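Everything below concerns the one structure shown next.
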Amino acid sequence: MLILEPPIDDLMIESLKAGDQLTISGVIYTARDAAHRRMIEALDKGEQLPFDPRGQILYYMGPAPAKPGDVIGSAGPTTSYRMDVYTPRLLEAGLKGMIGKGGRSDDVKAAIAKYKAVYFAAIGGAAALIAQSIKRAEVIAYDDLGAEAVRRLEVENFPVIVVNDVYGGDLYHEGRSKYRRPTQIS
Amino acid sequence: MTIREIYIDDITAAVASLCQQANYYLPDDVLSALKHAHEQEESPLGRQVLSSILENADIAAKKNMPLCQDCGTTLVFLEIGQDVHISGGLLSGAVAEGVRRGYADGYLRKSIVESPFTDRVNTGDNTPAVIHEEIVAGNKLKITVMPKGGGSENMTRFTALTPAQGRQGVVDFVVGAVDKAGSSPCPPIIVGVGIGGTTDKAMLLSKRALLRKVGSPSDDDEAANLEEELLEQINALGIGPQGFGGKVTALAVHVEVFPSHIASLPVAVTLQCHSARHKEIVL
């Protein structure tokens, strides 16, 4: 299985297709609703983001607290569409990958093609399992947001699947049409 | 029946423990339904997802860590026997303290913000819980804790059908709600449907429906028949585990019915993710 190590370049992005399964090893960053809002406010004011987004992967996740001796608590993806309104700006700023769950808007899919990026799904609700692939975690911004703070994670063999690629591929559409059976529903 | 005293300290301790157990251990009926889904699923990727979900439940139980990082809004259902007297303080205060302790001591994520449409500052202890009380016969207190994740809760839908739309209207609305929700509520899901009453009653029925043993049919023949048709149509949508395509979109559909006004046919749909957590105790 392909192992992806950020930062990722356009050549790598172009090789990924909807439905591809791979693992990520190395550094990724986390942000969800509240952190996205603050990052976009920062961009509006011409300020720096908490991390240089160029070539990086953002994981839509707010973890459960770590027990003593643990790196992190349970750490599965949150539903991505709530970030859609902010996403094109971050892709324009150079962000290359996003990990979440659930479908994205047409605007986001267009931005994925335009700026050459990729949207991955991790398994929603497999949070205790995913936590096992996180080896280090550190809050780097917006500490006051608690679970919603921006974190830098070091991951090893974090399993993901490509949902949206630069070619307009969409695993949710393809998967559904393959298994959809006719009913009397119009 | 004689009046029985129940002390708030016992209620607090019970709620704290239920919050943790509900978040760490998937109920046996949910685990069985997921294993059955794994046998039924035709999509290889869908089966792989279901394996990971079952492996996750195993890790969470062994390590006493939450099944999902979203430890939910804490829904607390209280069935209070009318011959119970609560002593030592306020019942609502006892529940709040139980949630506070359960979430702090159990390393559960605190996900509640104070002012939803303004600054959204986290309350820091997952309170307030959403509490539903019901007075019942007897001298016991049944407490059910249901941590409800935001992802599936956001897919809740309600409609006020006209009586003329009838059964077919119900089918179209429920199947449509699941179709539009797609991958967002973390399928395979459990679909709670409340039909009748008023808007608020239908909503509560649809949520209570999620507490039934997974796949157990309604006692009402017509409701059970509707459950069967809805499950078949929902699983024909092709959404599948996590929305990657497959045969198993829903593990079960539970329909609860209540009489309604001559003008009304209210229908509520509450979706529950595969991490269908709840835990009960009777004091």
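Values in this document were obtained by computation on a predicted structure and should not be read as measured data. A, B, ... follow the sequence lines: proteins, then strands. Residue 1 opens every chain.
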Next on the checklist: What part of Ser275(B) gets within 4.5 angstrom of chain A, counting heavy atoms only: side chain, backbone, both, or neither?
Outcome noted: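 Contact with chain A is absent: no heavy atom of Ser275(B) under 4.5 Å.
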Checklist entry - Measuring heavy-atom distances to chain A, does Asp58(B) have an atom under 4.5 Å in its side chain, in its backbone, in both, or in neither? => result neither
Part of [X] lying under 4.5 Å from any heavy atom of chain B:
X	value
Arg32(A)	side chain
Ala122(A)	backbone
Ser74(A)	both
Pro159(A)	neither

Checklist entry - So which bits of residues 235-243 of chain B come within less than 4.5 Å of chain A, counting non-hydrogen atoms only? => result Asn235(B), Ala236(B), Leu237(B), Gly238(B), Ile239(B), Gln242(B), Gly243(B)
Checklist entry - Applying a criterion of heavy atom separation less than 4.5 Å, what residues of residues 19-33 of chain B form contacts with chain A? => result Tyr24(B)
Checklist entry - Does anything in residues 124-149 of chain A get under 4.5 Å of chain B by heavy atoms, and if so which residues? => result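 Listed by number: Gly124(A), Gly125(A), Ala126(A), Ala127(A), Ala128(A), Leu129(A), Ala131(A), Gln132(A), Ala147(A).
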Item to check | Residues in residues 50-67 of chain A that sit under 4.5 Å from chain B, counting heavy atoms only | outcome: Gly62(A), Pro63(A), Ala64(A), Pro65(A), Ala66(A), Lys67(A)
Checklist entry - If you count heavy-atom pairs under 4.5 Å with chain B, which of Thr78(A), Asp70(A), Leu171(A) comes out on top? => result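 Between Thr78(A), Asp70(A), Leu171(A), the count favours Leu171(A).
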Next on the checklist: Lys101(A) and side chain to side chain contact (heavy atoms under 4.5 Å, CB included): which single residue from Cys186(B), Ser183(B), Ser184(B) fits?
Outcome noted: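 Among Cys186(B), Ser183(B), Ser184(B), the one meeting side chain to side chain contact (heavy atoms under 4.5 Å, CB included) with Lys101(A) is Cys186(B).
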